[in-house]
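Remarks on the structure that follows.
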Amino acid sequence: FKFVAMDVFTTKRKIIITCHKWLSNVLHKEVTDLGFKTERVFQTGVELIGTVEDCIRMNLNLRCASQVLYSIKQFQAEHTDAIYRHLLNYAWEDILPADGYFSITSNVNNPTINNSMFANLRVKDAIVDRMKKTSNQRPTTGSELSGAVVYLFWKHEEAEIFLDTSGETLAKHGYRKLPGKAPMLEALASATILSTNWNKTDAFINPMCGSGTLAIEAALIATKRAPGLLRHYYAFMHLLGYEVDMYEKERTKLDEQIIEIPHLKIIATDLSERAIKIAKINAEVAGVDQIIEFEVCDFENTNIPEQDGIIMINPEYGERMGERSEERRVGK
C-alpha cells in the first residue's frame with residue numbers, strides 16, 4: 001500500500017506551472033535555469049514532465065509562478081455526471097488520507113452548467129464516496145486551501161484532474177505583512193526585474209517605492225534568496241507518501257545558495273513617511289532590510305550613485321491618482 005501511495009512522488013506525469021498573463025517567458029527561463037526541460041510555453045504557463053518530488057523543488061524556487069499542477073487523469077465528459085463517474089472509479093485512497101482534509105478548485109467552461117461550483121461539488125462527491133467505499137472513512141472538505149488540493153480543468157468535453165501541489169498561490173512571496181496602497185504583485189515585480197538587463201550587482205534605484213515590493217524583490221533576486229525561504233506550508237505536504245525529508249532536502253539547498261554582495265546598492269525612496277515605514281517592515285520580514293537604503297523624499301531628489309545600474313519606477317496612475325478631472329489638471 002505504501003509503495004502505491006508513493007507513486008505520485010516518483011512517477012513522471014504532465015506538470016503545468018501557471019502564471020499571470022505575459023509572465024510565461026520569464027517563468028520558462030526560471031524553470032530551465034532549475035535544470036528542467038519544458039514541453040510547451042503558453043500565455044499563462046509552462047508545461048513539462050516530472051514527478052511530485054520535482055514539484056516540491058519548483059514550489060520552493062519559482063518567483064513568477066502561481067500554481068504547480070501535477071496531472072493524474074484525463075477523460076471526456078459531456079456533463080457533471082460523467083465527471084462523477086470517472087472520478088468515482090479513481091484510486092483516491094492511494095493519494096489522499098482517508099481522515100484528512102482536501103479542497104477543490106477549478107477552471108470550467110462547459111455549456112451544461114453555469115456555475116463552476118457545481119462541478120467542484122461533483123468532484124468532491126466522487127472523491128468522498130470513493131473513500132467511504134474503500135476505507136469506511138470520510139475525509140473533511142472545504143474551501144480553505146489548507147490541506148490537499150484537487151484541481152479540475154474542464155473545457156467543452158475535455159476534462160483533466162490535477163493535484164495542485166502549491167495550495168495558496170506562489171505569486172505572493174510571504175513577506176508583505178503590510179501591503180500599502182495599490183501594491184504590485186510580488187510575482188509581477190520579480191518578472192519585471194528579471195526581464196531587464198540588470199546584472200544583479202550594479203545599483204538598483206526605486207523611486208516611488210510604495211510598500212517596497214520592487215526593491216525587496218531586487219534584493220532577494222540579487223542574493224539568491226528563494227521564495228521558499230519565507231513559506232513553510234504547501235499542499236503537497238498532505239498527499240500520501242509525502243516524507244518530510246523530501247522537503248527538508250530542498251529547503252536546505254535554499255539556505256546554501258544565498259550569496260552576499262558587499263557593495264550592492266539598492267535604494268528605495270518615497271514621499272510618504274508611512275510608505276517607507278511599511279516598506280522597511282516588509283524588507284525586515286524578507287530578511288533584506290540591511291541591503292536596502294530607504295529614504296523619505298520626492299522622487300526627483302532620490303540619490304543616484306555614480307555607478308552603473310537601473311532605475312525602476314511604478315508610479316501611481318489612473319484611479320489610484322484620483323478623479324479624472326484632477327488627472328487632467330495635473331497633466332496640464
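Residue numbers start at 1 and run along the sequence shown.
Closest non-hydrogen pair, R231 versus Y247, comes out as O-OH, 3.5 Å. When all heavy atoms of I113 and A119 are compared, the pair lying nearest together is CD1-CB, 3.8 Å. Closest of all the heavy-atom pairs between A159 and W154 is CB-CD1, 3.8 Å. Of all heavy-atom pairs between L264 and T201, the closest is CD1-O, 3.8 Å. For D202 against G309, the heavy-atom pair with the smallest separation is CB-CA, 3.7 Å. Between I261 and A222, the shortest heavy-atom contact is CD1-O, 3.4 Å.
Contact of the T38 side chain with the E47 side chain is not registered, since no non-hydrogen atoms from C-beta on lie closer than 4.5 Å. Counting heavy atoms from C-beta outward, H238 and P97 have side chains that stay 4.5 Å or more apart. Between F9 and L239 there is a side-chain heavy-atom pair separated by less than 4.5 Å. With a 4.5 Å cut-off on side-chain heavy atoms, H156 and N109 count as touching. Between K21 and T44, some side-chain heavy-atom pair lies under the 4.5 Å cut-off. N314 is listed as a side-chain neighbour of L214, based on a closest heavy-atom distance under 4.5 Å.
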Quiz item: Stepwise, does the side-chain contact (heavy atoms from CB on, under 4.5 Å) test hold for F204 with I193?
Solution: CA-CA 10 Å; F204 184 94; I193 294 167; 4.1 Å; yes
Self-check item: Test side-chain contact (heavy atoms from CB on, under 4.5 Å) applied to N110 and K155, step by step
Solution: CA-CA 6 Å; N110 184 278; K155 185 174 183 180; over 6 Å; no
Practice problem: Test side-chain contact (heavy atoms from CB on, under 4.5 Å) on V149 and L163 and set out the steps. | Solution: CA-CA 6 Å; V149 181; L163 298 176; over 6 Å; no
Quiz item: Going through the checks in order, is the side-chain contact (heavy atoms from CB on, under 4.5 Å) test met by I221 and S190?
Solution: CA-CA 8 Å; I221 290 169; S190 278; 4.2 Å; yes
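Sorted by first then second residue, the ring pair (Phe, Tyr, Trp, His ring centres under 6.0 Å) pairs that include residues 254-290, not counting sequence neighbours, number zero. Pairs engaging residues 91-145 under the ring pair (Phe, Tyr, Trp, His ring centres under 6.0 Å) rule: Y90-W92 [sequence neighbours left out]. Applying the ring pair (Phe, Tyr, Trp, His ring centres under 6.0 Å) test to residues at least two apart or on different chains, none of the pairs has a partner in residues 18-70. Counting only residues at least two apart or in different chains, side chain to side chain donor-acceptor pair (under 3.5 Å) contacts with residues 50-60 comprise T51-D54, E53-K249, N59-T165, N59-S166.
In this structure Q76 satisfies the side-chain contact (heavy atoms from CB on, under 4.5 Å) test together with E157, E158, sequence neighbours excluded. Qualifying side chain to side chain donor-acceptor pair (under 3.5 Å) partners for D33, counting only residues two or more places apart in sequence or in other chains: K29. With sequence neighbours left out, the side chain to side chain donor-acceptor pair (under 3.5 Å) criterion links T80 to no other residue. Applying the side-chain contact (heavy atoms from CB on, under 4.5 Å) rule to N25 yields the partners V41; only residues at least two apart in sequence or on another chain are considered. The side-chain contact (heavy atoms from CB on, under 4.5 Å) check on E160 picks up K14, S71, Q74, F162, with sequence neighbours excluded.
The hydrophobic cluster around I311 extends to I205, M208, I267, F299, I304, I313, counting ILVMFWY residues whose side-chain heavy atoms fall within less than 4.5 Å of a member.
In this model, no donor atom of one side chain and acceptor atom of the other lie less than 3.5 Å apart for N301 and D298. The closest side-chain donor-acceptor pair between T302 and T269 falls under 3.5 angstrom. Under 3.5 Å, the side chains of S272 and D270 contain no donor-acceptor pair of N or O atoms. For the 3.5 Å distance criterion, the side chains of R225 and T223 qualify, holding a donor opposite an acceptor.
Summarising the geometry, atom CD1 belonging to I127 is positioned 11.5 Å from atom CZ belonging to R130; distances are rounded to the nearest 0.5 Å. For the atom pair CG (L23) and OG1 (T18), the distance works out to 10.5 Å, reported to the nearest 0.5 Å. Atom-to-atom distance recorded for I104:CD1 and D164:CG is 10.5 Å, nearest 0.5 angstrom. With rounding to the nearest 0.5 angstrom, the CG atom of L48 is 5.0 Å from the CD1 atom of I15. For the atom pair I216 CD1 and E284 CD, the distance stands at 11.0 Å (nearest 0.5 Å). From D81, atom CG reaches atom CG of L88 across 11.5 Å, with rounding to the nearest 0.5 Å.
Judged by distance alone, with hydrogens and angles left aside, the side-chain atoms of N89 form a donor-acceptor pair with the main-chain N or O of R85 at under 3.5 Å. S106 contributes no side-chain N or O that, together with a main-chain N or O of V108, makes up a donor-acceptor pair within less than 3.5 Å.
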Side-chain donor-acceptor contacts of residues 135-145 below 3.5 Å, not counting sequence neighbours, with atom names and distances?
residue, atom, partner, partner atom, Å
S135, OG, M131, O, 2.6
S135, OG, Q137, N, 3.4

Considering only distance and modelled atom types, tabulate donor-acceptor pairs under 3.5 Å from the side chains of residues 168-175, sequence neighbours left out.
residue, atom, partner, partner atom, Å
T169, OG1, A171, N, 3.0
H173, ND1, E217, OE1, 3.4
H173, ND1, E217, OE2, 2.9
H173, NE2, R63, O, 2.8
Y175, OH, E217, OE2, 2.7

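With a 6.0 Å radius and a threshold of 12 heavy atoms from other residues, nucleotides or ligands, K12 has its NZ atom at or below the threshold. Heavy-atom neighbours of E39 CD from other residues, nucleotides or ligands within 6.0 Å: above the threshold of 12. Within 6.0 Å of NZ in K253 there are more than 12 heavy atoms belonging to other residues, nucleotides or ligands.
Under the 30°/60° scheme for interplanar angles, the aromatic rings of H86 and F75 are found to lie parallel.
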